[in-house]
Number of protein chains: 2
Amino acid sequence: MRLLLIEDERELANALSAALSKQGIVTDHTLYLADAFELTLQNKYDAILLDRRLPDGEGLTFIPKLRRAGVDTPVLVLTARNEPMERVEGLDLGADDYLGKPFLVEELMARVRALLRRPPTLEEQCIRVGRLHIDPLHLDVLSGSVPLDLPKRELLVLQALAKRKGKTVLRSTLEDAVYNYEEEIQSNALDAHISRLRKRLAEADAGVTIHNIRGVGYLLREE
Amino acid sequence: MRLLLIEDERELANALSAALSKQGIVTDHTLYLADAFELTLQNKYDAILLDRRLPDGEGLTFIPKLRRAGVDTPVLVLTARNEPMERVEGLDLGADDYLGKPFLVEELMARVRALLRRPPTLEEQCIRVGRLHIDPLHLDVLSGSVPLDLPKRELLVLQALAKRKGKTVLRSTLEDAVYNYEEEIQSNALDAHISRLRKRLAEADAGVTIHNIRGVGYLLREE
DNA sequence: CTGCCAAGATTGCAACAGCATTACGGGGAT
DNA sequence: ATCCCCGTAATGCTGTTGCAATCTTGGCAG
């Protein structure tokens with residue numbers, strides 16, 4: 001569980017981080033909206049705790065910006081500006097909850113828990129070829145319902161082929177998919193991977209075949 | 001938009017219904033939890049507004065009953081019982097929000113709108129793998145019916161793995177789950193945690209194994 | 001039809017990066 | 001004062017992977 005805390009009172013921030021840490025929650029802390037934005041793009045937070053008065057602006061402006069960037073992490077506004085109409089303002093700008101300072105850590109925790117019970121739904125897309133189910137985001141491959149534990153390189157090859165199933169993938173494209181710029185290969189390493197992958201797919205009865213097109217590349221086909 | 005209002009003060013209920021009606025919101029109203037339960041089964045509400053002190057009991061008891069019946073409708077508790085710890089109690093019983101009386105109708109509306117923006121589905125609060133029961137929100141881990149108390153970091157690792165049981169979790173994802181960006185690690189601390197966690201899981205006969213995928217990450221499997 | 005050659009397939013092997021385990025000690029909590 | 005957590009580092013281990021040697025296949029020309 002990981003939160004982003006955007007708060008300019010250092011003492012409060014430290015106290016909160018400590019309290020949350022005891023509850024098994026990892027907290028990143030920043031004072032600046034600009035930093036916060038970068039952090040949300042780099043990490044995946046379960047929720048965001050947001051102060052309003054910040055050195056580089058009104059915290060509430062952060063929420064629409066976040067939403068426009070396609071981030072739908074729950075946001076809990078945490079502020080001394082706690083008049084009813086200020087709360088309305090915050091909520092209508094997209095906040096999911098609004099808690100006035102001072103507050104009990106227990107209440108904060110309970111409200112965070114309430115938010116976490118309704119996590120943003122992300123549908124994980126899954127490529128299907130033959131009996132294979134491939135989750136490219138998470139590097140998982142099932143054959144039927146049996147998990148295949150593929151080594152990294154073979155996995156990358158299979159992924160690259162599956163992403164364009166039925167269509168030819170250039171040899172050079174495959175190489176790019178498996179090796180980054182620093183790792184150059186001076187041999188038939190790719191062929192070796194293809195071969196080993198073929199064997200594994202056959203053993204696992206995956207219902208797919210890797211075809212070769214001379215001088216061009218490879219393609220993945222259902223049997 | 002259709003709400004269920006469970007409230008015993010008639011004047012308040014009428015005033016609210018009228019106000020909501022002006023916003024184009026249809027409101028069903030009842031005083032009794034028993035009636036409310038029937039109504040939720042017969043109709044599909046967008047949200048439920050719930051008082052605590054009701055003629056036939058404590059309103060909060062209604063929420064677990066609802067959830068057990070498989071109803072995920074957001075619940076907003078609306079009550080004069082507005083001490084912080086009372087709010088915690090309500091939220092932890094499954095309420096999605098908690099608003100003390102007296103309140104502005106505008107704020108109620110804003111909070112309802114906020115609820116409606118969230119996903120209508122609730123997440124399982126308990127993850128089960130092998131003989132393990134993990135409640136990530138309350139830091140409980142049971143192996144069978146024996147409580148395991150794991151050190152914080154090991155718990156975080158286990159949580160991260162269990163949340164995606166059977167699927168690969170990238171090493172970097174695990175690191176993110178355990179350390180914030182200030183706590184950088186310069187060693188194999190994560191490996192050490194994995195190793196200790198494995199030992200503990202084996203001793204506790206947890207019925208799960210932590211697998212490694214070289215160069216990629218780890219995953220949790222039932223035995 | 002046949003022969004030749006280049007591209008691909010396969011596989012053993014050795015090297016090494018990545019992992020597992022464990023002991024140690026500092027530091028925080030009880 | 002004691003206990004335990006946890007980061008560190010040393011040690012040993014192992015699976016993956018790049019390489020190369022060898023065999024197979026396919027395409028093309030004569």
Side-chain angles (χ1 to χ4, degrees), chain A residues 14-15 17-24 26 139 141 148-161 168-203 209-221, chain B residues 139 141 148-161 168-175 177-203 209-221:
Chain A
N14 290 336
S17 295
L20 291 167
S21 168
K22 265 182 207 151
Q23 304 280 329
V26 178
L139 311 170
V141 180
L148 282 191
D149 293 338
L150 296 178
K152 185 166 86 167
R153 302 248 121 113
E154 288 173 39
L155 208 142
L156 291 170
V157 171
L158 180 58
Q159 236 179 72
L161 289 171
T168 310
V169 183
L170 294 181
R171 197 187 178 79
S172 63
T173 309
L174 279 180
E175 282 169 3
D176 289 348
V178 178
Y179 299 96
N180 61 34
Y181 305 101
E182 291 117 37
E183 316 168 302
E184 277 184 41
I185 43 170
Q186 309 143 8
S187 72
N188 63 345
L190 181 60
D191 303 62
H193 288 306
I194 295 267
S195 174
R196 296 192 265 249
L197 183 53
R198 275 186 176 133
K199 194 195 283 183
R200 279 215 167 82
L201 291 176
E203 280 171 7
T209 327
I210 299 176
H211 286 255
N212 170 257
I213 305 213
R214 288 215 144 205
V216 183
Y218 294 87
L219 66 86
L220 191 66
R221 264 214 288 262
Chain B
L139 311 175
V141 181
L148 278 191
D149 51 28
L150 297 174
K152 188 179 68 168
R153 301 244 121 117
E154 288 174 39
L155 184 86
L156 290 171
V157 171
L158 180 60
Q159 258 182 48
L161 290 172
T168 312
V169 183
L170 296 181
R171 199 187 178 78
S172 63
T173 308
L174 279 179
E175 282 168 3
V178 180
Y179 300 97
N180 71 27
Y181 72 105
E182 285 154 346
E183 314 166 303
E184 49 181 282
I185 43 172
Q186 311 145 3
S187 73
N188 60 348
L190 182 61
D191 303 61
H193 287 305
I194 295 265
S195 179
R196 290 168 193 143
L197 183 54
R198 276 188 177 129
K199 195 193 284 183
R200 279 212 167 83
L201 291 176
E203 281 170 5
T209 325
I210 299 176
H211 282 255
N212 170 258
I213 300 196
R214 290 215 155 202
V216 182
Y218 292 87
L219 65 88
L220 193 65
R221 285 232 184 90

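Residue numbering restarts at 1 for every chain, and letters A, B, ... go by the order of the sequence lines.
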Solution key, residues 194-202 of chain A side-chain donor-acceptor pairs under 3.5 Å, sequence neighbours excluded:
residue: A:Arg198; atom: NE; partner: A:Ile210; partner atom: O; Å: 3.2
residue: A:Arg198; atom: NH2; partner: A:Ile210; partner atom: O; Å: 2.9
residue: A:Arg200; atom: NH1; partner: A:Glu154; partner atom: OE1; Å: 2.7
residue: A:Arg200; atom: NH1; partner: A:Glu154; partner atom: OE2; Å: 3.0

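Taking every heavy atom of residues 170-180 of chain A and every atom of DNA chain C, pairs under 4.0 Å involve A:Arg171, by number.
Across the interface with DNA chain C, nearest-nucleotide mapping of A:Gly217 and B:Gly217 shows A:Gly217 to be the residue nearer the 5′ end. Sequence order on DNA chain D of the closest nucleotides to B:His193 and A:Pro151 puts B:His193 first from the 5' end. If you find the closest nucleotide of DNA chain C to A:Gly215 and to B:Arg214, the one lying nearer the 5' end belongs to A:Gly215.
In this structure, B:Leu150 and B:Leu139 have side chains that are not in contact, with every pair of non-hydrogen atoms separated by 4.5 Å or more. Between B:Glu184 and B:Tyr179 the shortest side-chain heavy-atom distance does not fall below 4.5 Å.
Across B:Lys152 and A:Ser21, no two heavy atoms sit closer than the pair NZ-OG, 2.6 Å. Considering every non-hydrogen atom in both B:Glu183 and B:Val178, the closest pair reads OE1-O, 4.1 Å.
Note on A:Gln186: only backbone sugar-phosphate atoms sit closer than 4.0 angstrom, heavy atoms only; bases stay farther off. Base engagement by A:Arg196 is indicated by at least one non-hydrogen atom pair under 4.0 Å involving a base atom. Within 4.0 Å (heavy atoms only), A:Ala189 reaches sugar-phosphate atoms of the nucleic acid but no base atom. Within the nucleic acid shown, B:Asn212 comes within 4.0 Å of sugar-phosphate atoms alone, with no base atom in reach, counting heavy atoms only.
Once rounded to the nearest 0.5 Å, the distance linking CG of A:Asp176 with CG of A:Leu156 reads 12.0 Å. Atom CG of residue A:Leu219 and atom CD1 of residue A:Ile213 lie 5.0 Å apart, to the nearest 0.5 angstrom.
From the 5' end on, the contacts that DNA chain D makes with chain A at under 4.0 Å to a non-hydrogen atom open and close at D:dT16 to D:dG26. Using a 4.0 Å cutoff to heavy atoms of chain B, the contacted part of DNA chain C runs 5' to 3' from C:dA17 to C:dA23.
With sequence neighbours excluded, the residues satisfying side-chain contact (heavy atoms from CB on, under 4.5 Å) with B:Asn188 are B:Asp191. Under the rule for a salt bridge (charged side-chain N to carboxylate O under 4.0 Å, His left out), B:Arg214 has no partner lying at least two apart in sequence or in another chain.
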Could you go step by step and tell me if A:Leu170 and A:Val216 meet the side-chain contact (heavy atoms from CB on, under 4.5 Å) rule? CA-CA 6 Å; A:Leu170 294 181; A:Val216 183; 3.7 Å; yes
For the pair B:Leu174 and B:Leu161, evaluate side-chain contact (heavy atoms from CB on, under 4.5 Å) and give the outcome as yes or no after the intermediate values. CA-CA 8 Å; B:Leu174 279 179; B:Leu161 290 172; 4.1 Å; yes
